[in-house]
Amino acid sequence: MQSYQGPQVDPGGGEEVHRQELINLSTANSESQDLVQQREKKLKAIAGLGFELYPRKFDFSHTIPQILGDYSTSTTEDLAASKVPVRVAGRVMTIRPHGKAGFAHLQGEGGRLQIYVRLDAVGERDFELFKLLDLGDLIGVEGYLFRTRTGELTIHAEHLHFLAKALLPLPEKWHGLTDVEIRYRQRYLDLMVNEDARRVFEKRFKLIKALREFLESHGYVEVETPMMQPMAGGAMARPFITHHNTLDMNLYLRIAPELYLKRLIVGGLDRVYEVNRNFRNEGISTQHNPEFTMLEFYQAYADFRDMIELSELLMQHVARAVVGSLEFDYGEHHISFERFQRLTMKDAVVQYWPKEAGPGPKVESFAEPRAVFDWVKAYNNCAEESGGEYAPLTVPDGTAAGTALQELFEAVAEHELIQPTFITEFPLEVSPLSKQKPDDPNFVERFELYVAGMEIANAFSELNDPAEQRDRFEYQQLLRERGDLTAHAIDEDYIRALSYGMPPTGGEGIGIDRLTMLLTNSHSIRDVILFPLLRPEKSSA
RNA sequence: GGGCCGUUAGCUCAAUUGGCAGAGCAACUGACUCUUAAUCAGUAGGUUGGGGGUUCGAUUCCCUCACGGCUCACCA
């Protein structure tokens, strides 16, 4: 085994190089250089006091939230009667010096706790350190708890420990960090100063944990399937391409784990799920990030009706775990997970037909499949006159009736589906992996769950007839040859797997990012992804 | 890719019709041993995103480029 030699140290110019890096990190103007230089000077002064500048560890007795929780009801007298000694670490967020004493707030684990530092209590060396602190520095404090005259729970410091310096200044303390670009690019700053940002991600962690608990309590096992696939299947989207050197082959980043999870169903893993990152080479919007997280789960011997029932329970379990209630606000809407509405896609088009588009269709209007094109025309006439309020649909010659119906649904109804609604009966043409309805082969046993106008989940009775699957793939291939880059490719290996016999199976995918948006009242997917994809930062040169 | 809006001190924002580029916070110096947006006195900090144009004079008007946001289209 080869031992790591560490970076080469240049005893002469090392410090200069280090400073150069800092300057490059900041905006490379003279002001921020000054700030950095001032803080470096303080760091040297701290070293001069005998403090280690980057100590190895700090043993703490409590986290800040623990103290805030455990002693929230302790009175001044309680704390005076039995001294509570504490050792706490955190980041300095405020400083209020008063000559030979001073206050500061330490932040850690999402909580803020005040410390009181006075010369006669901590001694000269530690008080000198206190005077050299900047906002953002990390310190440890040893002392005991008391309440100030204004009643705030505070550590009366007896010793200060220096843990690390913030050489770059924190965002402004009163307005906080509002520049959305910096919030996304330098998420650590967002998490440091915006309590809400931290709360959103804490809820996201809780949500994923709750999903796992729920599925495991229903007998599911968690699996991991390839993210690099020789062909990208299981969804309709353009993939990212990468290359393996040794095998000299192109691979696709997965757009969905679906076909692998169903191979596992064939193999006898009857209830599987994967919390999976998917990659789709499509546009970016408030509802789309090129990589995003889904939950996919598959249950043998079940169909889409079972998945509807399971979804309702799952959504309710998650809402209780994350917001503690089945009701919550999303923007101007009050959403309730108490009851889930069910509508067929045709019902939804009929029900939400815009008044401006004149008398709308009835469900019977769609009995003849081609009739949908008349309604697309009616909608488009209205859209053209709406002056941009409605966008007309583009339905090129040769578009299938089912595809047109789905587009009409998305244009007319999708944004109206505020309360949780299962949309059922999807057209065959847009559902290459779903089983047909026994009484109407133009439609499939599939549903999507909509909340707040967003698609949250997609599920169906999985097609397990290999011959029918081949036909579906061939139709997709036709679309592909006509230029639809999102049409599904033929996956021979998947057909082979189905040919060994796959049990009847219900499967579902849930968009974790969007579900998190809902439950945290976030209106951009970037607010629920720690590091959303952004354009590369413009170099300061 | 289209439309709309934006870019001024480290941060958050002002600047009248085109007429000396300002405030708060952060920073620096000093005072202050219960403050909490600490306070008080003082100091420093700017190529107004880049380039070009109109003008006696441009943060302001015009063109252009870059970056960002919202939105529409594609998508989940």
Side-chain angles (χ1 to χ4, degrees), chain A residues 26-39 41-42 76 93-105 112 114-122 127 134-136 146-152 154 156 166 168-185 189 193 234-238 255-256 278-294 383 388-394 407 410-411 414 448-450 454-458 484-486 509-515 517 523-526 534-540:
Chain A
S26 66
T27 48
N29 58 46
S30 60
E31 284 67 46
S32 58
Q33 278 180 46
D34 284 350
L35 288 173
V36 170
Q37 282 170 11
Q38 279 163 4
R39 289 182 176 217
K41 228 158 85 187
K42 289 186 186 176
T76 305
M93 300 306 284
T94 66
I95 305 179
R96 292 175 296 282
H98 290 268
K100 296 186 180 58
F103 290 90
H105 274 105
R112 273 193 191 197
Q114 185 170 255
I115 64 169
Y116 178 48
V117 182
R118 36 189 296 169
L119 174 60
D120 54 12
V122 299
F127 199 75
D134 285 300
L135 297 184
F146 78 113
R147 278 190 192 277
T148 60
R149 275 176 209 158
T150 55
E152 181 166 349
T154 302
H156 197 291
L168 291 172
L170 257 44
E172 203 255 2
K173 71 176 174 188
W174 183 239
H175 297 91
L177 179 60
T178 53
D179 183 320
V180 289
E181 192 188 350
I182 297 176
R183 287 188 45 225
Y184 299 148
R185 279 194 202 285
L189 291 179
V193 304
M236 318 264 248
R238 295 161 67 183
I255 56 175
N278 291 337
F279 308 87
R280 298 191 184 173
N281 210 337
E282 309 275 358
I284 296 175
S285 78
T286 48
Q287 287 183 46
H288 300 86
N289 193 62
E291 57 178 303
F292 65 102
T293 304
M294 292 244 298
E389 196 193 336
Y390 300 101
L393 299 173
T394 47
E407 287 190 20
E410 284 172 359
E414 183 172 358
E448 286 186 349
L449 172 63
Y450 287 87
M454 283 192 288
E455 183 192 332
I456 299 293
N458 178 18
D484 180 353
L485 295 172
T486 70
I510 294 178
I512 299 302
D513 310 284
R514 289 184 181 174
L515 187 54
M517 285 168 69
H523 293 260
S524 169
I525 199 167
R526 291 176 166 187
L534 302 172
R535 246 192 210 91
E537 203 164 357
K538 173 174 68 169
S539 82
S540 52

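Naming convention: chains lettered A, B, ... in sequence-line order (proteins, then strands); numbering from 1 in each chain.
No contact: A/D513 has no heavy atom under 4.0 Å from any strand. Nucleic acid contact class of A/M454 (heavy atoms, under 4.0 Å, all strands): none. Among the atoms of the strands shown, base atoms are found under 4.0 Å from some heavy atom of A/R514. Residue A/F146 is in base contact, counting any heavy-atom pair closer than 4.0 Å across all strands shown. Contacts of A/R526 with the nucleic acid, taken as non-hydrogen atoms under 4.0 Å apart, involve only primed sugar atoms and P, OP1 or OP2. Looking at heavy-atom distances under 4.0 Å, A/K42 makes contact with sugar-phosphate atoms alone, never a base. At a threshold of 4.0 angstrom between heavy atoms, the contacts of A/N281 with the nucleic acid are absent. Using a 4.0 Å heavy-atom cutoff across all strands shown, A/T394 reaches no nucleic acid atom at all.
Under the Watson-Crick or G-U wobble criterion, with both distances below 3.5 Å, B/A41 is paired with B/U29. Pairing of B/G49, defined by two Watson-Crick or G-U wobble distances under 3.5 Å, is identified with B/C65. Nucleotide B/G1 forms a Watson-Crick or G-U wobble pair with B/C72, both donor-acceptor distances falling under 3.5 Å.
Between A/F292 atom CZ and B/C74 atom C1' there is a gap of 14 Å when expressed in whole angstrom units. If you measure from atom CZ of A/R238 to atom C1' of B/G1, you get 12 Å, rounded to the nearest angstrom. Nucleotide B/C74 holds its C1' atom 10 Å from the CD atom of A/E407, rounded to whole Å. At whole-Å resolution of the value, CZ in A/R183 and P in B/C70 are 11 Å apart. Remark: C1' of B/C74 and CD of A/Q287 are 13 Å apart, rounded to the nearest angstrom.
Comparing A/T154 and A/A237 by the nucleotide of RNA chain B that holds the closest heavy atom to each, the one mapping nearer the 5' end is A/T154. In this structure, A/A104 and A/D134 both approach RNA chain B, and ranking their closest nucleotides by distance from the 5' end singles out A/D134.
Of the listed residues (A/T94, A/T148, A/T154), just one forms a side-chain hydrogen bond (donor to acceptor under 3.5 Å, both in side chains) with A/Q114, and that residue is A/T154.
With hydrogens and angles left out, the side chain of A/E152 and the base of B/U35 share no donor-acceptor pair within 3.5 Å.
For B/G68, one of the phosphate oxygens OP1 or OP2 lies less than 4.0 angstrom from a side-chain nitrogen or oxygen of A/R185. Phosphate proximity of B/U35 to A/R96: absent, as no side-chain N or O sits under 4.0 Å from OP1 or OP2. A close approach under 4.0 Å does not occur between any side-chain nitrogen or oxygen of A/S285 and OP1 or OP2 of B/C74.
Taken to the nearest 0.5 Å, the CE atom of A/M517 stands 7.5 Å off from the NE2 atom of A/H523. Rounding to the nearest 0.5 Å places CZ of A/R280 at 13.0 Å from CD of A/E291.
Shown here for A/A411 and A/L393, the closest heavy-atom pair between the two residues is CB-CD2, 3.8 Å.
Taking the six-membered ring where the residue is Trp, A/Y116 and A/F146 present tilted rings, their angle falling between 30° and 60°.
Although no hydrogens or angles enter the test, the distance criterion places no donor-acceptor pair under 3.5 Å between the side chain of A/Q287 and the main chain of A/I525.
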